[in-house]
Amino acid sequence: MYNLKELALMDENGKRSDGRGMDELRSIKITVGVVKNADGSAYIEFGKNKIIVAVYGPREVHPKHMALPDRCVLRCRYHMSPFSTDTRKNPAPSRREVEISKVMRESLEPSLILSDYPRAVIDVFVEVLQADGGSRCAGINAASVALADAGINMRDLVSACAAGRLSDNIVLDINDLEDKEGDADMPVAYLPNLEQVTLLQLDGKLTTAQFSECLEKAISGCKSVYEIQKEALMKKYFGNEMELKEEA
Amino acid sequence: MYNLKELALMDENGKRSDGRGMDELRSIKITVGVVKNADGSAYIEFGKNKIIVAVYGPREVHPKHMALPDRCVLRCRYHMSPFSTDTRKNPAPSRREVEISKVMRESLEPSLILSDYPRAVIDVFVEVLQADGGSRCAGINAASVALADAGINMRDLVSACAAGRLSDNIVLDINDLEDKEGDADMPVAYLPNLEQVTLLQLDGKLTTAQFSECLEKAISGCKSVYEIQKEALMKKYFGNEMELKEEA
Amino acid sequence: MYNLKELALMDENGKRSDGRGMDELRSIKITVGVVKNADGSAYIEFGKNKIIVAVYGPREVHPKHMALPDRCVLRCRYHMSPFSTDTRKNPAPSRREVEISKVMRESLEPSLILSDYPRAVIDVFVEVLQADGGSRCAGINAASVALADAGINMRDLVSACAAGRLSDNIVLDINDLEDKEGDADMPVAYLPNLEQVTLLQLDGKLTTAQFSECLEKAISGCKSVYEIQKEALMKKYFGNEMELKEEA
Amino acid sequence: MSSSKRSTVIVEQLRKQQMLEALSREKRLDGRDFESYRNFEIEVGIIDKASGSAKVKLGNTEVIAGVKVETGEPFEGLENKGALIMSAEVLPTASPHVEPGPPDEDAIELSRVVDRGIRESEMLDLDKLVLIPGKIVYTVFVDCSIINSDGNLLDATSYAVVAALLTSKFPIYEIKDEQVVDTGKTMPPPITTMPISITAVRIGESVLLDPTTEEEACMDARITMTTQSDGNIVAVQKGFTGPFFFNQIVQFSEIARIKGEEMRSKIKELN
Amino acid sequence: MSSSKRSTVIVEQLRKQQMLEALSREKRLDGRDFESYRNFEIEVGIIDKASGSAKVKLGNTEVIAGVKVETGEPFEGLENKGALIMSAEVLPTASPHVEPGPPDEDAIELSRVVDRGIRESEMLDLDKLVLIPGKIVYTVFVDCSIINSDGNLLDATSYAVVAALLTSKFPIYEIKDEQVVDTGKTMPPPITTMPISITAVRIGESVLLDPTTEEEACMDARITMTTQSDGNIVAVQKGFTGPFFFNQIVQFSEIARIKGEEMRSKIKELN
Amino acid sequence: MSSSKRSTVIVEQLRKQQMLEALSREKRLDGRDFESYRNFEIEVGIIDKASGSAKVKLGNTEVIAGVKVETGEPFEGLENKGALIMSAEVLPTASPHVEPGPPDEDAIELSRVVDRGIRESEMLDLDKLVLIPGKIVYTVFVDCSIINSDGNLLDATSYAVVAALLTSKFPIYEIKDEQVVDTGKTMPPPITTMPISITAVRIGESVLLDPTTEEEACMDARITMTTQSDGNIVAVQKGFTGPFFFNQIVQFSEIARIKGEEMRSKIKELN
């Protein structure tokens with residue numbers, strides 16, 4: 001599809017194909033509380049990613065034998081709408097979607113105090129309406145905000161962002177084109193206050209030095225995302241007060 | 001397959017491709033009690049449709065949590081045999097079969113006094129051995145007779161028949177060719193004594209005037225079918241007496 | 001694939017394509033206790049067949065309503081690895097695998113005293129790593145040894161072997177090529193001490209006289225296999241003693 | 001479990017009684033009169049990667065439709081027509097009662113009824129979507145995702161599909177040396193009419209348009225009628241387990257035509 | 001549940017004891033002797049849309065077989081033969097114990113054993129059903145629906161398939177410009193022989209032909225043997241969990257040949 | 001059931017406490033130190049019908065990988081590369097807890113992580129496996145069967161795949177008259193590097209390589225890192241529900257490189 005030779009993933013001034021600098025995030029917009037029926041929800045636009053997340057729970061588990069006596073079960077479904085990709089996606093869950101559902105769940109779980117809800121289940125439904133590079137990170141960001149919106153007891157938010165390599169440069173927040181044509185893509189999720197990594201994957205080639213640089217950069221990206229997540233939650237829960245203050 | 005231009009769906013004398021007049025039903029034959037193991041059963045030939053229906057129940061529900069405390073669950077499966085169609089049909093249920101199963105169940109339910117059998121289930125299995133136009137109507141007719149044969153408490157029989165449009169004419173009981181090449185097909189199911197419509201679908205184009213004419217005609221067809229259904233039940237249950245009377 | 005005309009399934013000296021005589025078994029090697037986690041297990045090489053069998057049980061049945069109050073449930077799964085066949089096999093179970101799982105289970109069941117384990121289940125998992133002609137017989141041989149290794153109470157071992165026809169000759173132990181190009185293949189399983197047949201299938205053409213000759217030959221093959229099965233079990237359970245005796 | 005189910009039955013009966021009382025005073029629980037639709041918003045072009053897309057909010061019901069255009073073989077028996085393939089999924093986001101998984105009979109009925117309106121009205125002129133007759137045609141996928149469910153999914157989905165198709169830009173494909181080539185250019189789709197579905201439920205003797213989930217929970221029967229721009233009826237589907245009288249249906253057909261025209265104008269405006 | 005299951009076990013044991021007592025007096029519960037088949041009816045050509053069809057009633061067991069002939073690619077490794085594809089579904093109409101859904105292991109075994117009889121006897125000369133060697137061949141679907149089940153589905157299905165094939169009219173296809181053309185004409189299928197299966201069950205020491213459901217519920221083991229017109233055996237399948245002695249099998253092989261010849265004549269007559 | 005589950009919870013907690021105590025004394029239950037792998041055996045060429053195969057035993061974990069080479073169409077978007085398709089099944093033989101059936105999320109993650117190591121390292125030069133660009137390419141299936149499971153399936157599977165590919169003989173296909181012809185000859189596969197995965201788990205503060213099932217039952221988090229022959233990292237996967245600190249990850253990346261080099265030499269030797 002793309003002719004590598006004709007592409008400048010990065011120009012002589014360090015500008016990337018979409019005009020960003022090396023350490024620049026794509027534009028991010030998070031809205032909280034977008035799905036009326038859900039216990040918590042969020043919508044994120046992260047570059048061209050458009051993702052909606054709904055949280056149901058804590059609620060009764062069916063079938064009952066799946067319940068755990070000492071803590072809550074967390075379930076997560078990452079799913080792409082058929083119209084979300086360049087060529088139409090078959091709506092049946094792919095192996096990729098199964099894996100991403102798993103790592104998303106595992107990246108969210110350390111942030112939740114599941115022992116507060118024994119015998120219950122929390123369901124996180126992540127629907128990718130439009131997919132760009134980094135949809136799993138975008139989905140985690142929205143999911144963590146939606147879990148907060150659902151009032152689940154949490155240790156921290158989870159903030160996610162990828163970093164990667166384009167030739168010799170380690171850059172922040174890989175987009176679709178950079179994912180396909182670049183040299184490495186490393187999605188990371190992070191608990192900003194507990195300073196812990198809850199998602200880490202890598203496709204591509206890195207020296208060990210590049211690896212730690214890349215991880216560091218991804219974490220710095222997570223910290224930036226964290227601010228946007230907090231803002232989105234503030235806006236929903238203290239929106240009126242903030243406006244009042246601004247007026248005052 | 002067909003060349004519309006060369007086809008006369010209706011000739012200058014108002015005769016249709018199969019020789020029928022505008023208000024004429026195809027030939028209908030119903031036999032009651034054809035499946036030995038079933039609690040009730042019926043076989044119908046309706047034009048070229050050949051359909052067998054078996055009813056099992058009221059019986060215990062499995063799994064038990066599907067039972068309803070105040071009434072009986074009604075289940076219906078409409079299924080086409082692989083040899084029932086012009087090209088071989090894959091035996092796995094198609095989306096069309098799922099939809100027809102649903103509307104058939106909904107068309108039968110108002111005729112049954114389901115509150116008489118709380119916590120139980122009634123299963124209606126409709127097997128289309130040969131399909132012609134109007135197989136869902138034919139199936140409903142046989143199913144209602146099979147439910148009566150099973151001794152289920154009923155408010156009324158359900159009688160079904162389609163009407164449709166061929167150019168400017170509203171005609172009764174659309175056959176396969178007319179379904180494919182005609183301008184509208186409207187299957188209807190009716191409770192003849194309660195005077196209520198329990199199935200109504202439409203594919204095709206009708207003015208609102210044509211719509212009510214078509215519905216009226218379909219209902220008149222249902223009433224004719226009702227007589228044949230009653231006869232079939234009489235023949236099974238009072239067959240000997242009738243014959244005795246005839247002899248007498 | 002093969003050109004029948006150029007093949008000599010049997011030469012003028014009664015030697016078969018793989019050099020065997022008419023009543024000769026392929027080489028057979030059985031090792032007991034090869035799967036660490038299993039309650040019993042065996043590995044068999046039977047010609048080019050390479051099959052591993054693991055037995056789990058008697059153990060609790062899930063779901064519980066499948067348990068039988070008076071005896072143990074026996075389950076069997078015959079499965080071919082994707083790399084076991086000439087062209088790659090789709091890992092989803094084929095209709096052939098379903099049938100073979102059934103006849104294997106039925107061939108093993110008469111050897112087991114299932115009434116000794118009411119409400120329990122025994123699972124026999126047969127994995128064909130490489131398939132040659134006669135994989136079901138080879139699988140049964142390994143499975144019976146694995147069941148003995150699991151300490152299940154048994155009336156007898158089950159020994160299995162096929163016989164078949166190549167033109168006018170009834171021969172023992174049909175291989176892959178002979179299965180495809182020969183005239184009949186008859187897999188048989190046998191309880192050597194109880195002298196009962198527990199598996200019998202036939203593909204191909206036989207006169208009634210050839211049929212009983214073929215069955216007789218297969219049974220004689222089963223008896224030879226039985227010796228190898230016993231030896232394999234002896235080796236595991238009395239291996240040290242045997243070696244001690246040899247040394248003494 | 002049995003006792004909790006029995007209490008559910010009682011709750012249901014109470015709810016229905018309450019609903020019937022309100023309706024007997026010609027009032028719906030949300031204050032609408034019987035023939036009013038809820039607030040209604042359409043946003044189009046929301047999915048850049050789709051050839052067309054629309055998000056519809058009908059009260060709290062929210063649906064997204066996306067159109068993808070590819071090429072493929074025609075359907076058997078329809079060798080000289082483009083292929084139109086419609087699907088709908090009620091996402092598990094949509095309500096606490098949806099299980100993820102393949103579409104159930106309600107979702108299948110939903111997509112088939114919406115499909116019928118588009119197909120029978122010939123909204124999309126499929127004769128114009130053929131590349132090599134009998135061999136290669138345009139394949140138009142219309143996929144719908146129900147994001148939040150508060151009743152009348154059928155109309156909301158139908159409007160989303162109509163809006164997405166109306167505002168689509170189809171890629172222009174050409175045949176070069178018997179191979180399909182994407183020219184990179186686009187064209188408006190060959191639209192001939194605008195089918196609009198109107199749905200009502202009967203609760204006791206009352207017939208209400210655009211039911212909410214609460215109303216659907218009390219309904220005896222449902223009916224959907226789709227009209228095209230010239231007012232002709234192109235698709236009807238009675239749903240649920242209760243019956244209708246002949247007169248109720250005929251009266252509704254008149255309402256569906258008039259209300260359909262009203263909604264058609266609104267959707268045209270919004271685009 | 002456990003107590004009801006235990007009582008089921010007792011009921012089963014009583015039933016089997018009763019059956020064994022009856023059999024010890026050489027009597028079957030329906031009065032037949034051990035080697036008799038039940039009443040037997042065949043009706044052919046009942047499905048006009050099929051190339052061939054037959055309905056078989058064997059006592060209360062009732063099966064329909066339909067033959068459809070299309071064209072397609074040959075199977076791998078069988079490039080110069082027509083393709084024969086057989087399926088059987090035990091319809092949920094057939095007994096209170098059948099769940100609708102994909103075929104279970106019993107239905108799969110059923111269709112595979114029937115298939116084996118047809119295929120190994122070479123009843124249908126597949127070499128004559130090739131259009132372009134290695135590329136396009138006749139595809140013959142034989143699908144069976146069990147309508148009512150009262151034991152011995154295997155023989156009933158097998159007879160239905162044989163009768164449906166025997167009385168089929170295959171469409172004549174031709175190749176024009178590398179395309180398949182249906183000439184609209186038909187031909188009789190290339191039949192070479194008539195495979196007939198005979199099934200017995202062993203209950204204790206007794207071996208009974210053509211078992212009913214009641215007898216199958218008490219059986220220790222089952223055996224099916226298929227012979228072709230010249231009396232040669234072409235397929236055997238032992239079923240169920242009990243064993244047979246060598247002598248029982250050899251004796252049965254003689255019975256299967258003789259009885260098979262008898263049934264073959266009957267089926268020929270009926271057609 | 002609830003009480004038995006609660007007791008399970010207590011047993012689990014006790015087991016974890018015991019494990020933590022042992023680890024605090026720098027001891028693993030099987031006596032290894034934290035950075036040691038278990039005993040390790042590879043046997044190659046065990047499946048004659050495969051183009052390549054290997055059995056790996058890592059402690060009591062046992063895995064077989066088989067390579068099959070066929071021809072087919074390339075993947076979309078990768079028209080000028082051979083197709084590599086990897087699968088893994090944890091056989092029900094492997095432990096009392098495995099249900100037969102389609103791969104669950106653990107098995108899918110397993111095969112995808114192993115696949116990633118092979119693919120991202122470009123171990124197999126897929127550019128050299130094209131027959132007609134855009135149309136026909138080599139299709140390389142690598143299927144893995146886990147026979148016995150005692151922890152660290154990921155590394156065992158990864159080593160089996162690497163060993164099977166390294167020792168494969170690929171059939172040489174040619175194109176004659178636009179048809180694929182198998183020449184009957186073979187060639188070594190186009191290998192460029194040797195990716196080796198190293199897996200650790202964190203239990204409390206301790207990070208252990210090559211965990212057993214017992215250790216995995218106590219783990220807080222898992223991490224797998226794959227390096228290629230030049231020491232570069234090509235794939236990473238954090239697994240399970242616990243987090244890692246930045247420093248733990250960076251330290252592990254150093255260990256994975258060194259240990260990877262060690263394992264790479266061992267596998268080379270064994271072949």
Side-chain angles (χ1 to χ4, degrees), chain C residues 1 33-43 45 47-60 62-64 75-93 97-98 101 121-132 135 142-143 146 150 176, chain F residues 1 4 45-55 57 59-72 85-103 107 111 139-151 160-161 164 168 171 182 212-213:
Chain C
M1 304 279 274
V34 294
V35 179
K36 286 291 185 305
N37 289 336
D39 295 312
S41 62
Y43 171 69
E45 293 188 3
K48 289 184 182 165
N49 286 296
K50 296 188 177 192
I51 300 174
I52 205 152
V53 178
V55 171
Y56 284 94
R59 57 178 174 176
E60 233 182 293
H62 291 289
K64 285 195 175 182
R75 291 191 294 213
C76 181
R77 184 217 198 208
Y78 167 96
H79 184 253
M80 304 179 89
S81 289
F83 44 76
S84 65
T85 47
D86 284 321
T87 39
R88 187 213 182 223
K89 194 202 157 284
N90 186 310
E97 284 168 293
V98 172
S101 296
V121 65
I122 296 169
D123 280 301
V124 179
F125 299 118
V126 179
E127 184 74 16
V128 180
L129 300 173
Q130 182 161 281
D132 194 3
S135 70
D176 220 2
Chain F
M1 199 188 320
S4 90
I46 56 165
I47 307 294
D48 324 332
K49 294 201 174 183
S51 301
S53 60
K55 179 160 81 174
K57 286 192 193 182
N60 287 330
T61 291
E62 196 172 331
V63 178
I64 294 182
V67 178
K68 289 278 186 196
V69 181
E70 304 182 357
T71 58
I85 297 171
M86 201 161 297
S87 91
E89 183 180 359
V90 183
L91 297 179
T93 62
S95 102
H97 309 298
V98 183
E99 298 278 333
S111 66
T139 303
V140 180
F141 291 99
V142 184
D143 294 294
C144 303
S145 296
I146 286 85
I147 306 268
N148 195 67
S149 154
D150 188 22
V161 169
S168 286
D182 186 341
T212 61
T213 291

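Letters A, B, ... are given to chains in the order of the sequence lines, protein chains preceding strands, and every chain is numbered from 1. Being a predicted model, the structure only gives us computed values, none of them experimental.
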Identified side chain to side chain donor-acceptor pair (under 3.5 Å) counterpart of C:Ser81 within the set C:Lys50, C:Glu127, C:Arg88, C:Lys89: C:Glu127
Portion of F:Pro96 that has a non-hydrogen atom of chain C nearer than 4.5 angstrom: both
Contact origin within F:Ser87 toward chain C - heavy atom pairs under 4.5 Å: side chain
Test item: C:Ser135 and C:Ile51 side chains (from C-beta on) under 4.5 Å apart, heavy atoms: yes
Heavy-atom check, side chain of C:Ser101 versus side chain of C:Val98, under 4.5 Å: no
Partner chain C: residue of F:Ile147, F:Ile64, F:Asp48, F:Asn60 with the largest heavy-atom pair count (under 4.5 Å): F:Asp48
Between F:Pro102, F:Ala65, F:Pro92, F:Ala94, the one whose heavy-atom pairs under 4.5 Å with chain C are most numerous: F:Pro92
Taking side chain as everything from C-beta outward and backbone as N, CA, C, O, which of these in [X] sits under 4.5 Å from a heavy atom of chain F? Side chain, backbone, both or neither.
X: C:Thr87; answer: both
X: C:His62; answer: neither
X: C:Val34; answer: backbone

Short side-chain donor-acceptor distance under 3.5 Å, F:Thr93 and C:Tyr56: no
C:Asp132 bridged to F:Lys49 by N-O distance under 4.0 Å: no
Sidechain N-carboxylate O distance under 4.0 Å for F:Asp150, F:Lys57: no
